[in-house]
Amino acid sequence: MSSALQMTALGLTLLSTLFLLLATCTDCWMVNADDSLEVSHKCRGLWRECVTNMQDGVRTCDQYDSILADHPVKIVVTRTLMITADLLAGLALATLILGLDCVKFLKEDPCVKLRMCYGAGAILGIGSILGLVGSVWYAVDVYVERAMLVSHNIFLGVHYDFGWSCWLGMAGSTGCFVASVLLTCCLH
């Protein structure tokens with residue numbers, strides 16, 4: 001039972017960490033939601049903004065000026081939270097792998113290996129909360145921005161919705177949280 005639970009937590013942690021890394025690196029946190037006569041598909045991410053021509057498929061991306069430039073708060077906070085969540089998920093993954101029963105590292109001391117699994121679960125829990133806060137912060141800010149424009153009857157020709165990177169960040173954070181619960185609460 002313990003080995004099956006550890007393997008389940010490992011698989012979930014691996015997949016969730018991959019989702020978090022992809023969410024942080026990809027550039028479709030906000031996507032244009034106008035589907036009227038759009039000839040291009042616009043995505044905004046944490047690092048750049050990309051436009052894809054729908055007719056010929058040509059994609060061009062504009063990098064943001066600098067990491068240290070004056071960016072909106074939602075980008076700075078989301079970057080910070082997602083990078084921290086990525087680092088914590090990676091650390092938890094390495095700790096979990098070393099704490100698995102099937103790994104020969106510290107095979108003679110099962111109590112230390114169990115504590116490593118608990119520690120990995122705690123680290124994953126913290127990382128999942130940070131990733132979820134970052135993803136939800138960005139999504140709420142996109143929603144509030146759109147609601148403010150609508151309430152003031154301002155139409156700029158395009159409005160943005162949550163992109164797949166935002167959903168991927170939420171899914172990765174949720175997966176890390178579930179793996180954290182498996183490792184800290186169910187592993188006895």
Side-chain angles (χ1 to χ4, degrees), residues 5-32 41-52 59-69 71-100 102-103 105 116-143 160-187:
L5 193 60
Q6 285 180 349
M7 288 301 141
T8 303
L10 176 67
L12 191 56
T13 302
L14 189 60
L15 184 66
S16 299
T17 302
L18 180 66
F19 281 4
L20 281 174
L21 287 169
L22 283 173
T24 305
C25 297
T26 54
D27 53 14
C28 205
W29 281 74
M30 288 172 50
V31 62
N32 64 322
H41 182 262
K42 298 173 190 84
C43 281
R44 286 187 186 168
L46 302 177
W47 312 103
R48 61 187 176 176
E49 184 172 344
C50 295
V51 178
T52 305
R59 182 175 190 203
T60 57
C61 294
D62 292 328
Q63 299 283 352
Y64 295 146
D65 292 337
S66 165
I67 292 176
L68 301 175
H71 294 294
V73 173
K74 75 177 171 192
I75 289 180
V76 175
V77 169
T78 304
R79 279 180 182 174
T80 304
L81 291 171
M82 292 303 291
I83 290 171
T84 307
D86 293 344
L87 293 173
L88 287 174
L91 176 65
L93 182 63
T95 306
L96 177 59
I97 288 172
L98 292 175
L100 292 175
C102 61
V103 175
F105 180 73
M116 289 178 79
C117 287
Y118 285 143
I123 295 168
L124 266 178
I126 295 167
S128 70
I129 290 169
L130 293 176
L132 200 57
V133 167
S135 300
V136 171
W137 168 287
Y138 197 93
V140 166
D141 199 60
V142 169
Y143 177 77
Y160 287 91
D161 224 350
F162 317 131
W164 60 269
S165 296
C166 188
W167 291 112
L168 202 60
M170 289 182 202
S173 299
T174 304
C176 283
F177 184 75
V178 170
S180 170
V181 168
L182 284 176
L183 289 170
T184 55
C185 299
C186 301
L187 192 63

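On a predicted model such as this, the values are computed, not experimentally measured, just so you know. The first residue in the sequence is number 1, and the count goes up from there.
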In short, Thr17 meets Ala89 closest at the heavy-atom pair OG1-CB, 3.5 Å
Any residue meeting side chain to side chain contact (heavy atoms under 4.5 Å, CB included) with Trp167, in chain and number order, not counting sequence neighbours: Phe162, Met170
Do Trp164 and Leu22 pass the side chain to side chain contact (heavy atoms under 4.5 Å, CB included) test, and can you show the C-alpha distance, the side-chain angles, and the key distance before you say yes or no? CA-CA 10 Å; Trp164 60 269; Leu22 283 173; 5.7 Å; no
Pairs where residues 121-143 contributes a residue and the test salt bridge (charged side-chain N to carboxylate O under 4.0 Å, His left out) is met, not counting sequence neighbours: Lys74-Asp141
Working to the nearest 0.5 Å, report the span between CG of Leu15 and CG of Leu20. 10.0 Å
Rounded to the nearest 0.5 Å, what separation is found between the CE atom of Met7 and the CG atom of Leu100? 4.5 Å
Go through the structure and list residues passing side chain to side chain contact (heavy atoms under 4.5 Å, CB included) with Leu14, not counting sequence neighbours. Leu93
Non-hydrogen side-chain atoms of Ile83 and Leu87 separated by less than 4.5 Å: yes
Within the side chain of Ser128, is there an N or O that forms a donor-acceptor pair under 3.5 Å with the backbone of Cys176? no
Rounded to the nearest 0.5 Å, how far apart are CE of Met30 and CD of Glu49? 8.0 Å
Would you indicate whether the side-chain heavy atoms of Met82 and Ser135 approach each other to under 4.5 Å? yes
Applying side chain to side chain contact (heavy atoms under 4.5 Å, CB included), can you list everything that pairs with Leu88, at least two apart in sequence or on another chain? Thr84, Ile123, Ile126, Leu130
Spacing of CG belonging to Leu18 relative to OG1 belonging to Thr13, to within rounding of 0.5 Å: 12.5 Å
Closest non-hydrogen atom pair between Gln6 and Gly99, with its separation: NE2-O, 4.1 Å
Qualifying residues under disulfide (SG to SG under 2.5 Å), relative to Cys61, sequence neighbours excluded: Cys50
Taking only residues two or more places apart in sequence or in another chain, which ones pass side chain to side chain contact (heavy atoms under 4.5 Å, CB included) with Ser180? Leu124, Thr184
Rounded to the nearest 0.5 Å, how far does CZ of Phe177 lie from OG of Ser16? 12.5 Å
Given side chains that start at C-beta, do those of Tyr138 and Leu81 come closer than 4.5 Å, heavy atoms only? no
Scan for salt bridge (charged side-chain N to carboxylate O under 4.0 Å, His left out) pairs involving residues 20-29, sequence neighbours excluded, and state none if there are none. Asp27-Arg48, Asp27-Arg59
Who are the side chain to side chain donor-acceptor pair (under 3.5 Å) partners of Thr24, not counting sequence neighbours? Asp86
Hits for ring pair (Phe, Tyr, Trp, His ring centres under 6.0 Å) against Phe19, two or more places apart or cross-chain, chain-then-number order -> none
Value rounded to 0.5 Å, distance of CD1 in Ile75 from OG1 in Thr80: 11.5 Å
Only counting residues at least two apart or in another chain, list the ones meeting side chain to side chain donor-acceptor pair (under 3.5 Å) with Ser165. Thr26
Could you name each residue pair satisfying salt bridge (charged side-chain N to carboxylate O under 4.0 Å, His left out) that touches residues 6-26, not counting sequence neighbours? none
